[in-house]
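In what follows, every chain begins at residue 1, and chains take the letters A, B, ... in the order their sequences are listed.
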There are 6 protein chains.
Amino acid sequence: MYLPYFFFFSLLLAAASNALVQDFCVADLSLPAGPAGYPCKKAASVTADDFAYHGLAAAGNTTNIISAAVTPAFDGQFPGVNGLGVSMARLDMAVGGVIPLHTHPAASEILVVIQGTICAGLVSSFDNVVYLKTLNKGDIMVFPQGLLHFQINSGKTPALAFVSFSGQNPGLQITDFALFKNDFPTELVAKTTFLDVAQIKKLKGVLGGTN
Amino acid sequence: MYLPYFFFFSLLLAAASNALVQDFCVADLSLPAGPAGYPCKKAASVTADDFAYHGLAAAGNTTNIISAAVTPAFDGQFPGVNGLGVSMARLDMAVGGVIPLHTHPAASEILVVIQGTICAGLVSSFDNVVYLKTLNKGDIMVFPQGLLHFQINSGKTPALAFVSFSGQNPGLQITDFALFKNDFPTELVAKTTFLDVAQIKKLKGVLGGTN
Amino acid sequence: MYLPYFFFFSLLLAAASNALVQDFCVADLSLPAGPAGYPCKKAASVTADDFAYHGLAAAGNTTNIISAAVTPAFDGQFPGVNGLGVSMARLDMAVGGVIPLHTHPAASEILVVIQGTICAGLVSSFDNVVYLKTLNKGDIMVFPQGLLHFQINSGKTPALAFVSFSGQNPGLQITDFALFKNDFPTELVAKTTFLDVAQIKKLKGVLGGTN
Amino acid sequence: MYLPYFFFFSLLLAAASNALVQDFCVADLSLPAGPAGYPCKKAASVTADDFAYHGLAAAGNTTNIISAAVTPAFDGQFPGVNGLGVSMARLDMAVGGVIPLHTHPAASEILVVIQGTICAGLVSSFDNVVYLKTLNKGDIMVFPQGLLHFQINSGKTPALAFVSFSGQNPGLQITDFALFKNDFPTELVAKTTFLDVAQIKKLKGVLGGTN
Amino acid sequence: MYLPYFFFFSLLLAAASNALVQDFCVADLSLPAGPAGYPCKKAASVTADDFAYHGLAAAGNTTNIISAAVTPAFDGQFPGVNGLGVSMARLDMAVGGVIPLHTHPAASEILVVIQGTICAGLVSSFDNVVYLKTLNKGDIMVFPQGLLHFQINSGKTPALAFVSFSGQNPGLQITDFALFKNDFPTELVAKTTFLDVAQIKKLKGVLGGTN
Amino acid sequence: MYLPYFFFFSLLLAAASNALVQDFCVADLSLPAGPAGYPCKKAASVTADDFAYHGLAAAGNTTNIISAAVTPAFDGQFPGVNGLGVSMARLDMAVGGVIPLHTHPAASEILVVIQGTICAGLVSSFDNVVYLKTLNKGDIMVFPQGLLHFQINSGKTPALAFVSFSGQNPGLQITDFALFKNDFPTELVAKTTFLDVAQIKKLKGVLGGTN
């Protein structure tokens with residue numbers, strides 16, 4: 001009696017047998033990526049582990065001057081997000097901790113406070129308006145793609161937040177690193193930012209920049 | 001000496017004065033949406049409050065049979081995400097709680113466990129493989145767009161998770177609601193799902209479906 | 001007199017000689033796909049046959065319990081659609097035939113009835129509204145991406161339809177297959193669908209599921 | 001016993017009550033469209049009729065010199081496709097009928113032959129290769145976005161085909177109409193096509209062009 | 001003899017008469033924009049003038065401290081680009097002129113030097129690499145979306161360049177303006193950039209910032 | 001004192017060490033492209049030269065019958081634009097020069113006149129309206145994706161323009177080449193364009209077409 005099913009199923013299976021599994025596309029990090037992401041692992045070798053990631057479970061080390069740590073789960077760390085338009089990161093901020101002014105060139109961000117109090121801000125490009133909010137546990141905030149923003153632990157206890165992105169690799173451009181943590185010639189930094197040479201040299205000293 | 005700046009700035013401002021603030025597009029929910037989202041509020045009336053949302057701070061009420069609650073922060077609740085390709089929701093699951101089998105027709109999802117232990121699963125369309133994971137505090141998991149998935153509190157304490165989406169309105173289609181919580185004629189449900197009529201009628205009774 | 005043309009044409013040809021043929025991107029199925037599809041065959045080896053497909057010309061075998069067959073022309077079967085955002089399938093439905101409740105996770109669908117009478121329906125995620133239509137020869141219907149829908153031959157003769165999709169690989173997730181045609185543990189199916197265990201076991205028996 | 005459900009459901013409904021129905025976006029043709037399509041009809045006024053269209057059921061009138069007719073079901077005719085990335089048209093071709101050389105500026109096309117024999121061709125932009133195929137009943141062919149193509153009834157009986165598109169409004173630019181069925185100055189047509197003035201004037205006469 | 005054409009043409013015209021002109025979507029700036037741009041002007045009122053813009057023909061006024069001017073032709077100035085994914089701007093740089101460090105949050109940029117010599121640079125987010133090039137007349141350079149970059153007139157004559165963007169409104173976030181030309185509290189600027197308070201106050205003085 | 005920085009930086013660097021540089025994706029032309037473009041060069045081997053291109057600095061050779069030349073900087077010539085959604089070309093037009101009627105199947109175009117006077121036009125697909133503009137130095141014009149357009153040097157001096165595109169490989173389909181510069185059978189050209197056979201043969205003779 002169940003035999004006739006065979007025809008229907010086998011037909012579908014035959015059709016599918018050389019079809020692509022486009023339900024998902026777990027990254028094969030061993031191959032070169034393209035503009036849309038990495039090539040997909042073969043479906044047969046995908047397991048449940050490819051869809052989960054344990055790397056955000058532990059707090060980042062905040063024993064540093066900014067008293068904060070960013071732990072990413074982008075495509076490079078979590079290949080399961082490849083092609084899906086989402087990724088995540090964990091923010092740990094000790095008392096007084098700060099995530100310095102930065103942008104994500106390729107994605108918008110949404111943040112949820114899990115613990116502590118965070119003062120966050122973003123600056124519009126249109127008219128340089130600064131939007132500031134103090135966020136408590138359970139509050140969420142959105143940071144539009146490409147705009148400068150920051151987070152500060154403004155409370156008296158450590159703060160924890162998770163941030164999600166509208167892309168598998170949002171990028172992270174910390175303004176200070178872009179200016180002072182490389183060989184960007186001091187003269188050019190001065191010319192394009194109006195900062196004093198002494199100020200530039202001081203921060204290059206701190207961050208390890210040269211030139 | 002600073003006067004000459006005036007020319008440069010005023011030029012930019014003049015140019016910008018009738019330009020669109022496309023840095024962001026906070027939804028004006030009073031106007032009809034289009035395929036890409038809602039029309040934007042005027043920039044001048046946007047405030048920091050538009051980028052933050054407090055509605056996920058309180059736990060959802062889990063005093064119900066599924067012992068769980070989903071609290072969304074989609075474009076309808078949180079107009080600041082309009083056009084940004086992200087949104088969020090809060091999952092509260094009492095002991096034994098379950099988010100029934102469902103899909104998000106229009107977005108991929110990434111989940112982070114804040115408290116408790118969650119058993120989550122998804123089913124591929126290609127060959128109906130079930131991918132199951134038990135997730136603890138700090139673990140994350142990704143659910144590809146449109147695929148059936150579920151979450152169960154598999155621990156002995158309440159569980160809390162936040163989920164983010166790759167779109168401002170991911171949709172939420174709970175399979176049981178689609179089948180049994182409406183006027184979907186029992187005969188058609190039976191014909192298209194192979195479920196027994198008695199089973200259908202029983203669940204329609206529970207969920208308030210008719211026909 | 002025509003000689004001067006040479007310069008103009010040769011210039012263009014020289015420029016083009018190492019350019020990509022992005023007019024189209026016929027899939028090279030021997031290479032791993034990425035999120036946007038398969039790598040392209042070399043332009044020089046593309047022929048007219050790459051743009052056409054004969055596999056939908058024959059009726060699918062409907063001698064099975066559902067009295068229906070789906071024959072796909074997705075990227076895996078018809079490499080010419082790679083990168084073009086379209087694909088197609090053929091639906092054959094004997095008298096009483098049914099395409100069970102399913103979704104396409106990654107595309108919207110448009111259907112045209114070629115022969116017979118088809119009752120089709122879709123369920124919205126927003127408020128679980130069931131939209132039902134009876135379609136005759138020449139009628140078309142659209143099924144939005146990711147939403148549950150079905151087709152039934154509601155006439156007294158065989159029915160034939162062609163469906164097109166807004167993507168090269170729309171996916172096909174038949175709800176019954178996702179639940180009962182795999183090793184999805186019965187206990188979890190019960191917990192996430194509210195179905196009775198007996199019902200689940202019965203359908204697992206029919207469809208070949210285990211656990 | 002079923003009372004507790006109330007809390008869960010009411011929570012979801014409350015959340016959804018001011019949310020957008022982005023499952024679909026049936027066009028409100030009375031409002032101005034934007035780059036992504038028309039504003040959406042209110043969900044409450046959407047009916048099953050919005051997802052179906054009867055306008056392709058009747059053959060187009062082929063009593064004309066080209067012995068052919070194109071009947072579109074784009075967003076303007078079939079508002080249900082708005083925002084879904086698909087649309088359709090019907091091609092009727094009497095014996096000797098031809099759909100003249102044309103492009104769809106905004107979509108790729110997939111064609112299925114329902115009746116008769118069609119010779120179809122497309123020209124690549126890269127190296128002007130002409131790809132020609134003779135298609136019989138059930139054969140399908142794909143025409144990449146923006147490329148010149150045509151269809152000819154090459155059989156001895158009327159031909160019928162349905163074409164689908166990767167967009168809600170693919171556009172249709174018939175080369176002859178663009179050149180000869182308007183006020184495109186003859187001198188400019190000659191200069192930009194190398195056609196003889198006499199040829200241009202002849203076809204302008206046939207197609208109603210001026211200047 | 002030409003009469004039969006009437007049927008074919010009238011059919012197409014009838015079909016098109018209530019269709020949208022999605023060939024283009026000239027912005028109606030009087031209506032609120034959405035995430036994809038502005039609503040379209042009615043086709044009947046579109047003229048050739050809508051596709052052209054004269055505002056970049058005149059040099060910007062470079063009599064200011066940076067000795068440079070940016071003149072945009074974004075959607076707000078040139079409504080014809082609405083929905084087309086392109087826009088343009090003109091850069092005038094007197095001797096010693098500089099376009100300060102900035103990003104375009106929503107688009108990539110391609111620049112062509114028309115006159116003079118320009119030193120341009122961009123900084124990657126990945127590892128803060130500075131890529132520097134000296135460009136002469138006819139040279140082009142590309143700046144990926146969202147990354148910090150700048151242009152300096154490094155020659156001994158005025159420089160002129162045109163820049164194009166991969167979007168209708170790329171945005172322009174000048175780092176100095178975001179920090180010093182608003183009411184961004186000095187304490188927060190210091191905390192999120194490590195700059196000295198004196199430096200911040202000095203530049204706020206120059207640029208008109210407060211707090 | 002600066003030591004603690006080490007932890008913060010090393011954390012980020014460790015995280016990034018196996019991450020993709022999606023800031024940009026310079027094309028590796030030695031690998032096959034996909035629908036979204038070419039695979040990316042390794043970040044470590046990218047240099048400033050990858051972001052700049054010198055090939056448009058020299059005028060194209062206009063000593064030909066059309067007295068014009070198009071010099072492209074698409075992904076094939078300028079691998080730095082891969083994945084960035086922009087590209088460029090240079091138009092040189094001697095007195096009387098003309099860029100014949102053509103389309104770009106895959107991108108919109110924006111043109112800026114650098115020297116001379118150009119008469120440009122485009123034809124809408126909707127109702128075959130011809131939009132004509134005479135452009136002088138500094139004027140810009142936009143040509144929507146896929147629509148037929150042309151440029152003519154209508155002045156008394158050579159003309160120079162740069163055009164930018166909303167894609168890395170816009171394609172270029174010159175109508176005359178598609179019809180007459182290949183083996184498109186004369187009979188089919190006649191049937192699908194209504195052109196006289198003599199006219200077709202004449203232009204095939206000029207352009208090197210056969211059949």
| query | Nearest 0.5 Å, what's the CZ-NE2 distance between F:Phe51 and E:His149? | reply |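 Answer rounded to 0.5 Å: 12.5 Å.
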
| said: Can you tell me how far apart NE2 (E:His54) and NZ (F:Lys133) are? Round to the nearest 0.5 Å. | reply: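 The distance works out to 9.5 Å.
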
| request: Run the numbers on F:Asp49 and E:Tyr131 for side-chain contact (heavy atoms from CB on, under 4.5 Å), then give the verdict. | output: CA-CA 8 Å; F:Asp49 289 340; E:Tyr131 298 98; over 6 Å; no

| message | Need one label for F:Val113: side chain, backbone, both or neither, based on atoms under 4.5 Å from any heavy atom in chain E. | response |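 Neither the backbone nor the side chain of F:Val113 comes within 4.5 Å of chain E.
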
Structural part of [X] lying under 4.5 Å from a heavy atom of chain F:
X	answer
E:Leu160	neither
E:Val130	neither
E:Phe78	side chain

| message | Applying the side chain to side chain contact (heavy atoms under 4.5 Å, CB included) criterion to E:Tyr53, which one of F:Ile140, F:Val142, F:Ile110 satisfies it? | response |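 In the set F:Ile140, F:Val142, F:Ile110, the residue that makes a side chain to side chain contact (heavy atoms under 4.5 Å, CB included) with E:Tyr53 is F:Ile140.
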
| task | Would you name the heavy atoms of E:Gly85 and F:Ser166 that are closest together and state the gap between them? | result |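 Looking at all heavy atoms of both residues, the shortest contact is O-CB, 3.4 Å.
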
Are any non-hydrogen side-chain atoms of [X] and [Y] less than 4.5 angstrom apart?
X	Y	answer
E:Leu84	F:Phe143	no
E:Val112	F:Leu56	no
F:Leu147	E:Phe24	yes

| request: Between chain E and each of F:Gly121, F:Gly80, F:Pro144, count heavy-atom pairs under 4.5 Å; write down the option with the most. | output: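 When all of F:Gly121, F:Gly80, F:Pro144 are compared, F:Pro144 has the most.
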
| field | Among F:Val46, F:Asp50, F:Leu111, residue most engaged with chain E (heavy-atom pairs, under 4.5 Å) | value |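 Greatest number of close heavy-atom pairs with chain E: F:Val46.
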
| request: Kindly state each residue pair satisfying side-chain hydrogen bond (donor to acceptor under 3.5 Å, both in side chains) with at least one member in residues 78-89 of chain E, sequence neighbours excluded. | output: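 Found E:Asn82-E:Gln168.
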
| Pairs meeting criterion side-chain hydrogen bond (donor to acceptor under 3.5 Å, both in side chains) with involvement of residues 153-163 of chain F, two or more places apart |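 For residues 153-163 of chain F, and leaving out neighbouring residues, there are no side-chain hydrogen bond (donor to acceptor under 3.5 Å, both in side chains) pairs at all.
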
| query | Would you say F:Asp23's side chain and E:Phe126's backbone share a donor-acceptor pair under 3.5 angstrom? | reply |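 Pair found, side chain donor or acceptor close to backbone of E:Phe126.
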
| field | Test log, rule side-chain contact (heavy atoms from CB on, under 4.5 Å), inputs F:Glu109 and E:Val86 | value | CA-CA 7 Å; F:Glu109 169 184 337; E:Val86 286; over 6 Å; no

